[in-house]
Amino acid sequence: MSHTNLTYVDWLIMLLYFVFVLGIGFALKRFMKTSKDFFQAGRSLPAWICGLAFISANLGAQEVIGMGASGAKYGIATSHFYWIGAIPAMIFVGIFMMPFYYGSKARSVPEFLRLRFDEKTRALNACSFAVMTVFSSGISMYAMARLIQTLHVFDYIFLSAGLPLGWIFHLSIILSAIIVLGYIFLGGLTSAIYNEVLQFFLIIAGFLPLVLIGLKAVGGWNGLKAAMPNPSYLHSWHGMAHANTNPLGVEVFGLAMGLGFVLSFGYWCTDFLVIQTAMATDSQESARRVPLIAAIPKMFFPFLVILPGLLAIGAATPKPVTTERVENGAIIRLTTLPTELEAKGQGLVPAKADPITGKIVLDTSGKPLLDYDLAIPSMLLHYFPTGILGLGLTALLASFMSGMAGNVTAFNTVWTYDLYQSYIHKGASDKHYLSMGRWATVGGILLSMATAYAATGFNNIMDTLQLVFSFVNAPLFATFLLGMFWKRATGNGAFIGLISGTVAAILHHGMTLPIEAHTGLHGGWIAVIHHYPSDMAQNFWTAIWAFSTNFIVTIVVSLFGTPKPESELVGLVHSLTPKPELGHLPWWRRPEALAVLLLIMVITLNVIFR
């Protein structure tokens, strides 16, 4: 990607953002008097604030860079992550699951598992969730470092000091860690939520102009159709009858079961990263509305984050450009050459370079890998002028910060409440746990920095995230589903089922490999007995195996055990829990009415882009 000079206007916009987010942390520090204030925002925030934070907690690098990358790699089929892989699950968690979470007064998802099952199930989930949060935070950190490296922001300083340009990646990791650590250490979950709301509006302000300018440049929707490398790129259901006839490399069952059910419900219904924002509201009724409010903008975000990826892959690949001018009667020709990465890329998506050595990464057939993660940054640099470029880059940086912050706040809560307080230091003062929460924030940031380097092995961070979710969230959803709707499920069944599901995911990943991928992080590290058309197809089936194994094992083990008395399951199992009283609300203001409207809207979108 060619060098782009940022002017003082661009730098000023980004500087104001960083000052603002740190200012929020300093402003809220005086209100962080108890651990409840720090970890749960005092359970006092309104539904609309938490609704925007609920979706913004998911608007990190996964959403912005990852969805743009997947749009370039897989086409409009990426919309399934929204219309199949998000909206139904968000409706389910709002209507059915929030009464359990909020009504139980559990401070975290692992603590809910303790109430429903037992301590060992809680401990297992707390450990696996802590690992997942630092991986997710590390991926956001990696994406931010790659962006700064790609923009050549610090090139002049490093060259002047005689330092290797590869060190810019390390410096970027450190800078992003310091900023996020600052405002979370000071203001806790409340600081994260208010910054997530700010980030939500920045994303819209930064990406809506990008989509409009990009569409105009390619000649509108019809021009985009003509520029696509494959006609199926603009159809969400085209070729889904077989795994080898669509960009995602997965058939209808794998999509519906792997993404639409296991991964989506596993994420939105059990991931404390998003659940914690709904639990920060002031009432159970507000908590039920939070996911439904968030589903409205979520439904239309494909047009802001997937379309730029399509526009990037459909644009003309940079070629040498020769310009002529007459000077003192002589004709002077100047030829501008694209960089090697640009020339060997496709459209505005460059070839992938190793962040340390700078060499082009090749697949098993010797072809350059495309760096899909740079689809949206390339679009910003190609189309945005001064000022607007600063706003677009700030939107990107805000998404990375938000993704990191959401995961770190979830990590410090689970570590403090579910591990430290429960097993390491019981009976300490509330002030002690508040202090531990702040130091856990430091630990979470350091671990995230370590995991950021693991993400360098993938050319699409969405592939990386879905792999992590298939190991953690997929088996966990089976535990929640049985626990909430089958009062016969036991603690031993849940514990052994969770272990079995995770082992099944590990074995499946270790014995399968995507086509053209190297063994290792992509799988096949035990033995390759099956090849998948894509990383995403492998992730979907890993999730299916993990969920199914856990589901079956939990049922079998529970049938040989003794369940908890029904008196201890009130508020934890659906059939034994009183339904929320909504008689004071007219039908059109009830959560169920909004849920029906959302379902109609998402079906309509699927039909339009089928």
Side-chain angles (χ1 to χ4, degrees), residues 62 66 69-70 73-74 124 127-139 141-143 243-244 248-250 254 258-259 262-263 266 352-357 359-373 447-476 497-550 553:
Q62 173 191 8
S70 292
K73 186 175 183 179
Y74 302 119
L124 178 61
C127 292
S128 62
F129 179 78
V131 171
M132 186 186 73
T133 54
V134 296
F135 263 98
S136 298
S137 178
I139 289 169
M141 195 177 286
Y142 158 76
N244 296 319
L248 278 176
V250 64
L259 175 63
V262 178
L263 282 172
K352 182 176 178 61
D354 185 284
I356 308 301
T357 65
K359 295 181 179 179
I360 292 179
V361 180
L362 306 177
D363 61 20
T364 55
S365 63
K367 298 178 181 178
L369 281 177
L370 294 181
D371 199 343
Y372 294 106
D373 289 337
L447 290 172
S448 299
M449 292 173 69
T451 59
Y453 290 91
T456 60
F458 288 79
N459 68 338
N460 181 353
I461 59 174
M462 179 57 70
D463 291 336
T464 318
L465 284 164
Q466 294 304 321
L467 175 62
V468 174
F469 293 158
S470 67
F471 275 68
V472 180
N473 289 353
L476 179 61
L498 267 177
I499 292 177
S500 301
T502 304
V503 170
I506 293 172
L507 292 176
H508 179 267
H509 182 260
M511 292 188 290
T512 62
L513 188 69
I515 295 174
E516 304 293 348
H518 296 282
T519 57
L521 285 175
H522 293 267
W525 42 271
I526 297 176
V528 181
I529 63 174
H530 180 73
H531 281 281
Y532 283 103
S534 68
D535 288 276
M536 202 62 74
Q538 181 195 40
N539 294 337
F540 291 169
W541 279 101
T542 300
I544 291 172
W545 278 100
F547 172 86
S548 302
T549 301
N550 186 359
V553 171

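Being a predicted model, the structure only gives us computed values, none of them experimental. Excluded from the calculations below are hydrogen atoms, water molecules and symmetry mates; all remaining heavy atoms, backbone and side chain alike, are included.
When side chains are defined from C-beta on, Lys352 does not count as touching Asp373, because their heavy atoms never get closer than 4.5 Å. Residues Val131 and Val472 are not in side-chain contact: their nearest non-hydrogen atoms beyond the backbone lie 4.5 Å or more apart.
Of the possible polar contacts, none joining the Thr519 side chain to the Gly524 backbone as a donor-acceptor pair under 3.5 Å is found. Side chain of Thr549 to backbone of Trp545: a donor-acceptor contact under 3.5 angstrom is found.
Ring-plane geometry between Trp525 and His509 is classed as tilted, the angle between the planes lying from 30 to 60 degrees on a 0 to 90 degree scale.
For Ala546 against Ala474, the heavy-atom pair with the smallest separation is CB-CB, 4.2 Å. Considering all non-hydrogen atoms of both residues, Phe135 and Thr451 come closest at CA-OG1, 3.9 Å. The two atoms that bring Ile515 and Pro533 nearest to each other are CD1-CA, 4.0 Å, heavy atoms only. The nearest pair of heavy atoms linking Leu498 to Asn550 is N-OD1, 3.4 Å. In this structure, His531 and Pro514 approach most closely via the heavy-atom pair ND1-O, 4.1 Å. Residues Asp535 and Tyr74 share a closest heavy-atom pair of N-OH, 4.4 Å.
His522 NE2 to Thr512 OG1: the interatomic distance, rounded to the nearest 0.5 Å, is 12.0 Å. The distance from the NE2 atom of His518 to the CG atom of Leu513 is 9.5 Å, given to the nearest 0.5 Å. Note that CG of Leu259 and CD1 of Ile544 are 10.0 Å apart. Values are rounded to the nearest 0.5 Å. Atoms CD1 and CG, on Ile360 and Leu369 in that order, are 10.5 Å from each other to the nearest 0.5 Å.
Of the candidates Leu263, Val262, Leu476, Leu263 is the only one forming a side chain to side chain contact (heavy atoms under 4.5 Å, CB included) with Phe469.
In this structure, Ser500 has no side-chain hydrogen bond (donor to acceptor under 3.5 Å, both in side chains) partners at least two apart in sequence or on a different chain. Applying the side-chain hydrogen bond (donor to acceptor under 3.5 Å, both in side chains) rule to Ser470 yields no partners; only residues at least two apart in sequence or on another chain are considered.
Side-chain contact annotation: Thr542 with His508, donor-acceptor N/O pair under 3.5 Å present.
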Carefully, step by step, assess Leu370 and Lys73 under the rule side-chain contact (heavy atoms from CB on, under 4.5 Å). CA-CA 9 Å; Leu370 294 181; Lys73 186 175 183 179; over 6 Å; no

